[in-house]
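To keep things clear, I will list the structure first and then write my remarks on it.
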Amino acid sequence: MRARIFNANASSLAGELPIEASLPQVWVDDARDAERARALISAFLAPSPAGPAILCPACGEENPPSFDLCWSCGAGLER
Ligand SMILES: [Zn+2]
């Protein structure tokens with residue numbers, strides 16, 4: 001999924017800019033990726049359950065235990 005991150009380092013300007021101008025933003029190139037991107041962001045922000053990283057069965061990438069989909073290829077992760 002192709003995406004761009006805006007305002008990654010703008011939090012130091014909070015209070016000097018309108019709040020929406022200083023919060024980080026993730027923009028996906030393809031609108032069809034929006035739901036998947038939201039799911040990944042929610043999983044990333046959720047408190048991480050303790051446990052080992054999960055290896056993706058499709059690409060072998062390491063994923064945090066809170067992820068249901070591989071961050072790299074989008075495949076479902078097995079528990
Ligand atoms: Zn994968």
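Just so it is clear, the structure is predicted and the values come from calculations on it, not from any experiment. Counting convention: from 1, in listed order, for ligands and their atoms alike.
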For this session: Before accepting this row, confirm whether a basic side-chain N of the pair D33/R2 lies closer than 4.0 Å to the acidic partner's carboxylate O.
Result: no

For this session: State which residues pass salt bridge (charged side-chain N to carboxylate O under 4.0 Å, His left out) with R38; sequence neighbours excluded, sorted by chain then number.
Result: E35

Problem set entry | Atoms of the protein (N/O/S only) found under 2.8 Å from the Zn ion (ligand 1) | C56 SG, C59 SG, C70 SG, C73 SG

For this session: With the side chain counted from C-beta on, respond yes when L40 and M1 share a heavy-atom pair under 4.5 Å apart, and no when they do not.
Result: yes

For this session: List the steps and the verdict of side-chain contact (heavy atoms from CB on, under 4.5 Å) for I41 and V26.
Result: CA-CA 9 Å; I41 292 167; V26 178; 4.2 Å; yes

Exercise. Which residues satisfy the side chain to side chain contact (heavy atoms under 4.5 Å, CB included) test with P24, sequence neighbours excluded?
Worked result: none

Exercise. What residues join W27 in its hydrophobic cluster, counting side-chain heavy atom gaps under 4.5 Å, either direct or through other members?
Worked result: F6

